[in-house]
Amino acid sequence: MAPRRPHVDDQRPAAGLGAGQRGGVVVLEPGDRPLLLAALARRRRRGRRSGPAAGRLGLVLGLVLLLATEEGQAGRGDKRDAAHGDLVARTRVGSAAMSDGPSFDSTLDRIMAERRAKADSLRAAGRDPYRNDFRPTHTVAAIRARYEPTKPPPPAADAPRDKGAPITPVDGEAVRLAGRLVAKRGFGKTVFAPIRDGGADLQLYLAIDHCDADDFAQVVSELDVGDIVGAEGAVFWTKRGELSLLVTKVFLLTKALRPLPDKWHGLTDVEARYRQRYVDLAVSPEVREVFVKRSKIVAGIRRFLDGRDFLEVETPMMHPIIGGAAARPFVTHHNALDMRLYMRIAPELYLKRLVVGGLPRVYEINRNFRNEGLSRQHNPEFTMLEFYWAYAVHTDLMDLTEEMITGLAEEVCGGTKLTWDGVDLDLARPWRRITIRDAVHQLGGLSAEDTAALFSDPVRAAELALAHGVPAADVARVLLERADVNATGLPLPELVATLKKPTPAERRVAIDGIVAHYSDTDAGRFARRVAAGHLGYLVFEATAEAKLVQPTFLCEFPLAVSPLARKSDRDPAFCDRFELFVAGREIANGFSELNDPDDQRARFQAQLAAKAAGADETMDYDEDYCRALEVGMPPTAGEGIGIDRLAMMLTGAASIRDVILFPLMRGE
RNA sequence: GGGCCCAUAGCUCAGCGGUAGAGCAGCGGCCUUUUAAGCCGUUGGCCGAAGGUUCGAAUCCUUCUGGGCUCACCA
């Protein structure tokens, strides 16, 4: 274990080295890290320096650090000039290309070599370029908040520019700040160097009159944009009205070897922004702001639910069977148990087991994984809030959702009027509530008659679905799911081909062919309505979904697409389920939970039938979950809210990747 | 996976058959209240990769790689 270094307050340059710097020549041990060839401390008028032979890194191999000072110069009265001219050691790397030196593969290599050389130069002077003993007394944000009220009035436009005016700190209190150097503007004996600490910037004013001479000579001249620095000094206002730190001591805390992107443009290459988010964040305050907001959103949700006696829990993310949603999973394997596991697609069935167990209000905020394509709305791993509320129903969820999201908008965005991806939104309550049936009619443009048929007669529904562009394969699958598949005797590809025929009469053959096999019993008649509802939902997606711009609860979902939701008391072909849409995108999904174990078993069976009919995104039959329902789950309402999409909405992001710190990318 | 588009210096971008350019960053010089500081000088490129076409390719064609948008799937 390394001995503890003295705190920065106590740390001064080693006496011998300091003397050596002023006196003349310091020779490094041969074992020292090979630095730059030579760092020459030169007088100002020295004229052309050592000539072409000094160029490039070829000569950098020299192990000697030369600090040449003309004898007596330091004592000659012009102390400032001496400090500037003689103490500023400068690296001599990268100029005057030579044939005998090693060449760099790229500009980047050269820049990094130069920065390493600067770090080595500091080491040679007894300064660690990666020290960790600097303790700031304040954050930059705290200093800004504290001194902002002391801002002096701007000087009159015709006020004379008195260049040598003394600097008067606001209160003279010495503070220590740290952050990343984001720019450097040198003026010879003065350097302006804004640092960024968290989200706040503050300018360091490094002047030879005020700053420690060794610091100024050894550190300031070799600071690069991107370095992490610490500084001690007093706060003052420049005459241009910029809050600044009049630095007396400056410390390099971390040498940055890689250059930051162009300070004006930042990173614009989206791929680079996602792959190297650390650069994106370091350079783009607006990106940082997005993720700060996201964090506030998640914290706000927790506060909201905690305040209503919801208990945050964590359920498994590796599932032995697929459940809780309709999606393709990622598959993994446990070695010791030799067990196939799926990364969860939803926590739903576990959370409801907890309600069975007597946790009447639970929630979980965590990742789900779905093995599907990527898009502006989809990342394979995404964050979901799910919460379950016993003795409540789906309409309670809608009220709660309105309250929660408008509260977050007020908190995070300062109001309910937003712009998202070019769309103006107003989240002010109450939000529109519309049934799927009404949406198809009012927004999708279907006549009242067609709409009525769409949700009751599978034959008409199939025709309407095909007419509105629903793929024939989907239509065929829906029809088959509810029929007695074996009885039709028609292979799926053949049915699909028939459904693609150009004339309605030809297509009718296939449709009738299937529907004829729905049994003529109560169950068969019910199956027709369920199939029709499913087709109605597909027509909704094709015609009306994109038109749900302002926040809207879409209600009364068809049974067939809701295997875990409670049947509506008014019409058992529908469920007490809703989805929240904003700007045509689904944000939330909630329903009164199905807690009848026998009904649940039937729904799982229907999922198996759907799978048999060709659907590739279905749930497994979860026998343990049914067993849990047999123990008895109180009447419960449950909801899932996509946190990424909510964050997109509240930050105005067009792509989900803009609200995920490290979105999934192909390997580099 | 399909369609369209993009890839040139560390960063941001020009160039679109005829010797690779600019701004920023870097390096050297000047500059003690600047803030996209300024002025002078200067280094830096297998033009994403591999094949073609051509006297000649960053530029035209093909394939590949990575990315964006979009469609499909989903939340």
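Chain letters run A, B, ... following the sequence lines, proteins first, then strands; residues in each count from 1.
- Looking at residues two or more places apart in sequence or on another chain, you find a salt bridge (charged side-chain N to carboxylate O under 4.0 Å, His left out) between A/E148 and A/R144.
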With the criterion being N/O to N/O and under 3.5 Å, what pairs connect the protein with nucleotides 10-12 of chain B, and how long is each?
unit_1: B/G10; atom_1: OP1; unit_2: A/T107; atom_2: N; d: 3.2
unit_1: B/G10; atom_1: OP1; unit_2: A/T107; atom_2: OG1; d: 3.1
unit_1: B/G10; atom_1: OP1; unit_2: A/L108; atom_2: N; d: 3.4
unit_1: B/C11; atom_1: O2'; unit_2: A/D262; atom_2: N; d: 2.9
unit_1: B/C11; atom_1: O2'; unit_2: A/G266; atom_2: O; d: 3.4
unit_1: B/U12; atom_1: OP1; unit_2: A/T268; atom_2: N; d: 3.0
unit_1: B/U12; atom_1: OP1; unit_2: A/T268; atom_2: OG1; d: 3.1
unit_1: B/U12; atom_1: OP1; unit_2: A/D269; atom_2: N; d: 3.2
unit_1: B/U12; atom_1: O3'; unit_2: A/T268; atom_2: OG1; d: 3.2
unit_1: B/U12; atom_1: O2'; unit_2: A/H265; atom_2: NE2; d: 3.4

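- Contacts of A/Q607 classified as side chain to side chain contact (heavy atoms under 4.5 Å, CB included), with partners at least two apart in sequence or in another chain: A/P563, A/T618, A/M619.
- Nearest approach of A/E242 to A/S244, heavy atoms of both residues: O-OG, 3.0 Å.
- The side chain of A/M665 lies closest to B/G67, out of B/U32, B/G67, B/U34.
- Take A/D171 and apply the salt bridge (charged side-chain N to carboxylate O under 4.0 Å, His left out) test, not counting sequence neighbours, and it matches A/R146.
- Residue A/R585 has no polar side-chain atom (N or O) positioned under 4.0 Å from OP1 or OP2 of B/A75.
- When heavy atoms are screened at a 4.0 angstrom cut-off, A/E579 is found touching no nucleic acid atom at all.
- Considering only side-chain N and O atoms, A/R110 lies nowhere under 4.0 angstrom from the phosphate OP1 or OP2 of B/G26.
- In the set B/A75, B/U34, B/U32, B/U32 carries the atom at the smallest distance from any side-chain atom of A/A207.
- A donor and an acceptor atom sit less than 3.5 Å apart, one in the side chain of A/Q203 and one in the base of B/U34.
- Shown here are the ring-ring contact (aromatic ring centres under 6.0 Å, His included) partners of A/W237, two or more places apart in sequence or in another chain: there are none.
- When each of A/H210 and A/A183 is assigned the nucleotide of RNA chain B bearing its nearest heavy atom, the one mapping closer to the 5' terminus is A/H210.
- Between the side chain of A/T190 and the base of B/U33, no donor-acceptor pair of N or O atoms lies under 3.5 Å.
- Contacts of A/Y342 classified as ring-ring contact (aromatic ring centres under 6.0 Å, His included), with partners at least two apart in sequence or in another chain: none.
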